[in-house]
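Before any comments, here is the structure.
Each residue takes its place number in the sequence, starting with 1.
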Amino acid sequence: MAAEIDARSRELLEAPNFAHVATVRKDGAPHSTLTWLDLDDSTIRLNSAEGRKWPANARHDPHLTLLVPNRENPYEYVSIRGRATDFTHDGADAHIDALAKKYLGVDSYPARREGEQRVIVTVEPDSVFHMSAG
């Protein structure tokens with residue numbers, strides 16, 4: 001069962017705040033990258049291109065951590081430990097366009113590369129921690 005996302009954490013996730021996603025590489029070393037996200041009821045959806053490191057890491061070991069700081073006050077953040085539970089190409093191009101609208105205010109993702117295959121990674125939160133300071 002997914003951990004509950006409280007109201008303020010939900011606000012931070014719905015706002016155009018960047019997510020730092022940390023995964024574990026096959027050799028056990030941590031890997032961290034910056035990404036966009038959206039919230040789908042009680043799960044978080046991330047979008048990437050096939051061939052990038054973090055989705056491959058999440059397929060190997062689905063445990064990951066998301067850290068989402070408030071753009072206006074980075075001392076406020078939500079930290080989510082969870083699992084990648086689904087990887088799909090269905091709707092992934094439309095999803096990255098919706099994220100481009102959220103984060104950039106444009107109708108289509110401007111950094112799309114020819115031949116790129118997008119993937120939506122669904123994350124089910126096991127724990128949600130909201131921190132507010134500063």
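The side-chain heavy atoms of Trp54 and Leu46, taken from C-beta on, include a pair separated by under 4.5 Å. Side-chain contact between Val24 and His31 is absent, with no heavy-atom pair separated by less than 4.5 Å. The closest side-chain heavy-atom distance from His130 to Asp6 is below 4.5 Å. Between Arg83 and Val123, the closest side-chain pair of non-hydrogen atoms is not below 4.5 Å. Put simply, the side chain of Ile96 reaches to within 4.5 Å of the side chain of Arg112, judged on heavy atoms. Side-chain contact check for Ile80 versus Thr65: every heavy-atom pair is 4.5 Å or farther apart.
Residues Leu34 and Leu67 fall into different hydrophobic clusters, defined by Ile, Leu, Val, Met, Phe, Trp and Tyr side chains chained together at heavy-atom separations under 4.5 Å. In the hydrophobic clustering of ILVMFWY residues, with side-chain heavy atoms under 4.5 Å counting as a link, Phe18 and Tyr77 come out apart. No continuous path of hydrophobic side-chain contacts links Tyr103 to Ile120 [ILVMFWY only; heavy atoms under 4.5 Å].
A donor-acceptor contact shorter than 3.5 Å is absent between the side chain of Arg10 and the backbone of Leu39. Of the possible polar contacts, one joining the Thr43 side chain to the Asp40 backbone as a donor-acceptor pair under 3.5 Å is found. Side chain of Asn17 to backbone of Arg71: a donor-acceptor contact under 3.5 angstrom is found. Using a distance-only test at 3.5 Å, with no hydrogens or angles considered, no donor-acceptor pair links the side chain of Asn70 to the main chain of Glu76.
The aromatic rings of Trp36 and Tyr109 sit perpendicular to each other, their planes meeting at more than 60°, with 30° as the lower class boundary.
Minimum interatomic distance between Glu11 and Arg8 (heavy atoms only, all atoms of both residues): OE1-NH1, 2.6 Å. Contact detail for Leu64 and Ala58: the closest heavy-atom pair is CD2-CB, 4.4 Å. Between Pro55 and Ala49, the shortest heavy-atom contact is CG-O, 4.4 Å. Residues Val119 and Ala92 come closest through the heavy atom pair N-CB, 3.8 Å. Contact detail for Asp97 and Ser108: the closest heavy-atom pair is OD1-CA, 3.3 Å. Heavy-atom minimum distance, Leu12 versus Val68: O-CG1, 4.2 Å.
No salt bridge links Glu124 with Arg81; every basic N to acidic carboxylate O contact stays at or beyond 4.0 Å. Ion pairing between a basic and an acidic side chain is recognised when a charged N comes within 4.0 Å of a carboxylate O; Asp27 and Arg25 show such pairing. We find that Lys26 and Asp61 are not joined by a salt bridge, their nearest charged nitrogen and carboxylate oxygen being 4.0 Å or further apart. The pair Asp93-Arg118 fails the salt-bridge criterion, with no side-chain N (NZ, NE, NH1 or NH2) lying under 4.0 Å from an Asp/Glu carboxylate O. With salt bridges taken as basic N to acidic carboxylate O contacts below 4.0 Å, none links Lys102 and Asp38.
Screening Leu37, Leu99, Val121 against Asn47 for a side-chain contact (heavy atoms from CB on, under 4.5 Å) leaves a single residue, Leu99.
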